[in-house]
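Note that the structure is a prediction, hence the values are computed from the model and not measured.
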Amino acid sequence: MTTTETPDTLHRILDYSARPDPYPLYAELRRTPVALQDDGSYVISTYRELADILHNPHLSSDVRNLAHPMPAAPGGATPAFINMDPPEHDRLRRMAMRHFGPPHTPGLVTGLEPDLAATVGGLIDGFAGKDRVDIVDDLAYPFPVTVICHLLGVPREDEPRFRVWVNDIINSIDYDPRTDPKEKLDAGVRAREDLREYLGGLVAQRHGHPSDDLLSRLANDDGPDGRMTDEEIISTANLLLIAGHETTVNLITNGMLTLLRHPDVLRRLRDEPDLVVPLVEELLRYEPPVHIIPWRAAYSDITVGDTVIPKGSKIMLMLASGSRDPDRFHDPDRFDPDRTDNQHLGFGSGIHLCFGGPLARREAQIALTELARRLDGPALVTDPPPYRRSPVLRGPIHLQVDVEGNGG
């Protein structure tokens, strides 16, 4: 059924004070699976309803289908395919996937494994002589940034430049005109323009100079769907650069925090490295890197459960709430790496299922296995740690850990 949920629950979830533990509030929210808000938007929080709507062809990712459209890409630029609907979404995703994974490049992730292991090993070597490390600054951030820069062909030494832009973009994702200063939105718009200009320069350099990086392949290779325009390449690179490291930072950091809170599982991982595969799946359910899809649009009336959501309505999808739904998962608030039938929503579902999920999984598996193997007596300095501002991409901004020995 639909009721007008007291906005208090959602507002408390979005408030920064809830960042360390939003899960009790998600439980409150699930009492009303499809909750109409005062502004006419709908919040969906239960697993069955989320799974249904994520596969509903009437759910739109295009801002133009909102009754009250949100700001689109700056300057009329081409949006990334994550913000498109079929058939354009399918065409661009298919063109990008030719160079990123199966069926055309099935060995991409496995072929990277030696480099992934070497990068993680080198970062942990850098712990030598330290009694305290920051898992975020010393490993969880530099590792996926190095990987995605290598894949795309973005100079690693430019990271300080694009880090500022990415932070402003992330901060603007959950912009609420009712509560946030307009400067937050303006900074995000400027950052998007700056990042697009930067990536456009890199794409221009690739024309006629083919190499193995993804920017070069997109700029020079023709496939069954032809070749992307430069604007489409820039939008795709923008998406992959941001999503290719921001979510993985959270997955690794949330994973290490969870292991430190469950020392028995940490010991098991040290002794049973194969445990890491189901363990990462459970992390994607239990402490996922993405908690909320802040908006989708109904481009016609959509029935979810017993509720009809009118055309043009804004819809907020509470993925992390769905993955803790007791109607779908037994004892959902327990971290259980031996859990079976773990069809979590950690990477979303449907046509927008996370493009880089296989790479993010492998990065997290390698990082957590090596941290478990090489850190001696790790202990949290502060619990809970300080969190990033965003309720959408939720994770610690720092994770200070005391260690014995030198990480060898």
Shortest non-hydrogen contact from [X] to [Y]?
X: Asn56; Y: Thr303; answer: ND2-O, 4.4 Å
X: Gly346; Y: Pro288; answer: CA-CB, 4.3 Å
X: Val265; Y: Phe335; answer: CG1-CE2, 3.9 Å
X: His99; Y: Leu214; answer: CB-CD1, 3.2 Å
X: Leu266; Y: Pro378; answer: CD2-CG, 3.9 Å
X: Ala297; Y: Asp62; answer: CB-O, 4.3 Å

Could you grab the distance from atom [atom1] of [X] to atom [atom2] of [Y], nearest 0.5 Å is fine?
X: Leu269; Y: Arg373; atom1: CG; atom2: CZ; result: 11.0 Å
X: Ile309; Y: Ser41; atom1: CD1; atom2: OG; result: 10.0 Å
X: Glu246; Y: Leu251; atom1: CD; atom2: CG; result: 13.0 Å
X: Leu116; Y: Glu363; atom1: CG; atom2: CD; result: 6.0 Å
X: Gln37; Y: Ser313; atom1: CD; atom2: OG; result: 12.0 Å
X: Glu231; Y: Thr78; atom1: CD; atom2: OG1; result: 4.5 Å

Applied to residues 205-259, the ring pair (Phe, Tyr, Trp, His ring centres under 6.0 Å) test, sequence neighbours excluded, yields Tyr141-His245
Taking everything shown except [X] itself, do over 12 heavy atoms lie less than 6.0 Å from its [atom1]?
X: Arg64; atom1: CZ; value: no
X: Asp212; atom1: CG; value: no
X: Arg98; atom1: CZ; value: yes
X: Glu197; atom1: CD; value: no
X: Lys184; atom1: NZ; value: yes

So, the side chain of [X] versus the backbone of [Y]: is there a donor-acceptor pair under 3.5 Å, distance only?
X: Arg361; Y: Gly356; result: no
X: Asp15; Y: His11; result: no
X: Arg19; Y: Tyr387; result: no
X: Ser172; Y: Leu185; result: no

Under 3.5 Å side-chain donor-acceptor pair for [X] and [Y]:
X: Ser61; Y: Asn83; value: no
X: His58; Y: Ser300; value: yes
X: Asn250; Y: Arg388; value: yes
X: Arg156; Y: Thr146; value: yes
X: Thr46; Y: Arg328; value: no

Would you call [X]-[Y] a salt bridge at under 4.0 Å N-O?
X: Arg12; Y: Asp8; answer: yes
X: Arg339; Y: Glu281; answer: no
X: Asp213; Y: Arg206; answer: yes

Apply salt bridge (charged side-chain N to carboxylate O under 4.0 Å, His left out) to residues Arg94 and Asp225 and explain how you reach the verdict.
CA-CA 8 Å; Arg94 194 165 55 238; Asp225 294 291; 2.9 Å; yes
Could you go through the side-chain hydrogen bond (donor to acceptor under 3.5 Å, both in side chains) check for Ser235 and Arg196 one step at a time?
CA-CA 7 Å; Ser235 292; Arg196 295 184 70 85; 3.1 Å; yes
Here's one to test your reading of the geometry: is the NZ or CZ of Arg93 within 45 degrees of the ring axis of Phe355 and under 6.0 Å from its centre?
no
Chi angles and distances behind the salt bridge (charged side-chain N to carboxylate O under 4.0 Å, His left out) call for Asp221, Arg227
CA-CA 7 Å; Asp221 290 356; Arg227 186 182 298 185; over 6 Å; no
Measure up the Tyr286 and Tyr23 rings against each other and bin them: parallel (under 30°), tilted (30 to 60°), perpendicular (over 60°).
parallel
Whether Tyr198 and Trp165 hold their rings parallel, tilted or perpendicular, with breakpoints at 30° and 60°:
tilted
Can you list the residues that meet the ring pair (Phe, Tyr, Trp, His ring centres under 6.0 Å) rule with His352, with sequence neighbours excluded?
His89
Are the side chains of Pro155 and Leu202 in touch, meaning some heavy atoms are under 4.5 Å apart?
yes
Should Glu272 and Arg267 be marked as a salt bridge (charged side-chain N to carboxylate O under 4.0 Å, His left out) after you check the CA-CA gap, both sets of side-chain angles, and the distance that decides it?
CA-CA 8 Å; Glu272 307 169 37; Arg267 286 190 295 271; over 6 Å; no
Give the intermediate values and the outcome of salt bridge (charged side-chain N to carboxylate O under 4.0 Å, His left out) for residues Arg91 and Glu88.
CA-CA 5 Å; Arg91 179 181 68 87; Glu88 279 301 284; 2.8 Å; yes
